[in-house]
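Below is one structure, written out as C-alpha cells, with a few remarks after it.
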2 protein chains.
Amino acid sequence: MSNTKVLPLLESEAPEAVAPCCPPLTERPFTAEEAETAARMFKALGDPVRLRLFSLVASHEGGEACVCDISDVGVSQPTVSHHLKKLKEAGLLTSERRGTWVYYRVEPSVLAAMGKLLTMAPAAA
Amino acid sequence: MSNTKVLPLLESEAPEAVAPCCPPLTERPFTAEEAETAARMFKALGDPVRLRLFSLVASHEGGEACVCDISDVGVSQPTVSHHLKKLKEAGLLTSERRGTWVYYRVEPSVLAAMGKLLTMAPAAA
DNA sequence: TGTCTATGTTGACGCTTGTCGATACAGGTG
DNA sequence: CACCTGTATCGACAAGCGTCAACATAGACA
C-alpha cells in the first residue's frame, strides 16, 4: 500500500493526501493528527453533490470524465467547479486539461486507504 | 465490559444483508437519494473530534465504551455529548444506559457497508 | 429525603460551507 | 483578429456547524 504506482500522474497539487494516513478505525484510537487528516477526506465525501460527482467520475469509462459529462447534478456550473476543486484538494481526484475540456480522474490509492480505514479488525475469524 | 468477544465481524457472510444503501462508488453513478444517504454517513466522520470518538469506541475492548472512557479529546463535555449524538443519528453508533454510565458501541454493518462503498472494482485499471 | 456524579439539552456565539450571478480565463474556430 | 464554448474564480448571501457555559435530567447511595 505504500507505493502502488498504478498511475503515471504525480504532478498533482495535493502533496500529502496520498500517503497512508491511518490504521483501521478499530485498531487503536486515532491521534489528533490522524483524525485531522482522515476527517478531511471523509468530509470531502460528506456532501451529496460531491458524492454524486465523485461517483460519476469513478464509474465513468476509463476512470475519468470530462466536466461536461458529469455536470448535470442539479446545481449551477460554478458550484460544480467548486465541488470538483474540493475533491481535488482532498486528494480524491486529479485533473488534467486536454484542449478545450478538463478531465477528472479518481485517485485509487486514496480510495483504497479510506476503504482500509473502515475495515473491521480481521481478528482471526 | 463482561463480554469481551462480541464483535460480529461479517466480512464475507451475506453481502446483501450489509449494504442497505448503495453500490460501490465505482460501479455506477449514484442517484440523488443514494448520495444523500451515503453523504450523511461520510459527513458524520468528517469531523476530527467525531472521528476520534468513533475510533475510541471502535477500538475499545468489546467494541463498546462508556462516555467517561472516551471524553478526553480536547473539547468540553457538552461537545462530546453533541458529537456522540450526531454519530448515533448517522447510524454509526448505538447507545445504552447501564446504571450510571452510558455505553456506546459501533454498528458494524454500517461500517462494513461504507467500506464496500469505497472498494475499487479490481478490473478498473 | 437529599446530594453527588454522569450524561444530555438549551441557547447563543462565530466560523465555515453550499449556493448563486457575474466575471475572468483558456482554447478552439472562422 | 473576433467570437464562441468550456471551465475557473470572485463576491455575496443564507444556512449549517462546532463550540461553550448554563442548566436539566437520570441514577446511585447515604
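Chain letters run A, B, ... following the sequence lines, proteins first and then strands; every chain starts at 1. Computed from a predicted model, the values in this text were never measured in an experiment.
Applying the side chain to side chain donor-acceptor pair (under 3.5 Å) rule to pairs touching residues 50-62 of chain A yields A:R50-A:H83, sequence neighbours excluded. Every pair passing disulfide bond (SG atoms under 2.5 Å apart) that includes a residue from residues 46-115 of chain A is listed here, sequence neighbours excluded: A:C66-A:C68. Pairs passing the disulfide bond (SG atoms under 2.5 Å apart) check and including a residue from residues 26-57 of chain A, sequence neighbours excluded, do not occur.
Residues satisfying the side chain to side chain contact (heavy atoms under 4.5 Å, CB included) criterion with B:E36, sequence neighbours excluded, are A:P48, B:R40. Residues that satisfy the side chain to side chain contact (heavy atoms under 4.5 Å, CB included) test with A:E64, not counting sequence neighbours, are A:R98, A:Y103, A:R105. Residues satisfying the side chain to side chain donor-acceptor pair (under 3.5 Å) criterion with A:T79, sequence neighbours excluded, are A:S76. With sequence neighbours excluded, the residues satisfying side chain to side chain contact (heavy atoms under 4.5 Å, CB included) with A:R97 are A:V102. In terms of the side chain to side chain donor-acceptor pair (under 3.5 Å) criterion, residue partners of B:E33 (sequence neighbours excluded) are, by chain and number, B:T31.
In this structure, the CG atom of A:L84 is 10 Å from the P atom of D:dT7, given to the nearest Å. The interatomic distance linking B:E89 (CD) with D:dG16 (P) rounds to 14 Å, in whole Å. Atom pair B:L87:CG and D:dC17:C1' shows a separation of 14 Å (rounding to whole Å applied). Remark: P of D:dG16 and CD of B:E36 are 12 Å apart, rounded to the nearest angstrom. In this structure, CZ of B:R40 is placed 17 Å from C1' of D:dC17, rounded to the nearest angstrom.
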Show every donor-acceptor pair shorter than 3.5 Å between a side-chain atom in residues 85-94 of chain B and any protein atom, with sequence neighbours excluded, or say none if there are none.
unit_1 : atom_1 : unit_2 : atom_2 : d
B:K88  : NZ     : B:S95  : OG     : 2.9

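Non-hydrogen atoms lying under 4.0 Å from DNA chain D are contributed by B:D47, B:V49, B:R50, all within residues 45-56 of chain B.
Applying the 4.0 Å criterion to OP1 and OP2 of D:dC17, one finds that B:H83 has every side-chain N and O outside that range. The side chain of B:K43 contributes an N or O atom lying less than 4.0 Å from OP1 or OP2 of D:dC17.
Protein chain B contacts DNA chain C over a range whose 5' and 3' limits, counting nucleotides with an atom under 4.0 angstrom from a non-hydrogen atom, are C:dA6 to C:dT9.
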Candidate pair A:V80 and A:L53, rule side-chain contact (heavy atoms from CB on, under 4.5 Å), full reasoning: CA-CA 8 Å; A:V80 169; A:L53 288 171; 4.2 Å; yes
Criterion side-chain contact (heavy atoms from CB on, under 4.5 Å) on A:L51 and B:L25, from CA distance to verdict: CA-CA 9 Å; A:L51 203 49; B:L25 274 162; 3.9 Å; yes
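Counting non-hydrogen atoms under 4.0 angstrom, B:Y104 reaches the backbone sugars and phosphates but no base.
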Nucleotides 21-30 of chain D: protein proximity per nucleotide (B base, S sugar-phosphate only, - neither; heavy atom, under 4.0 Å): BB----SS--
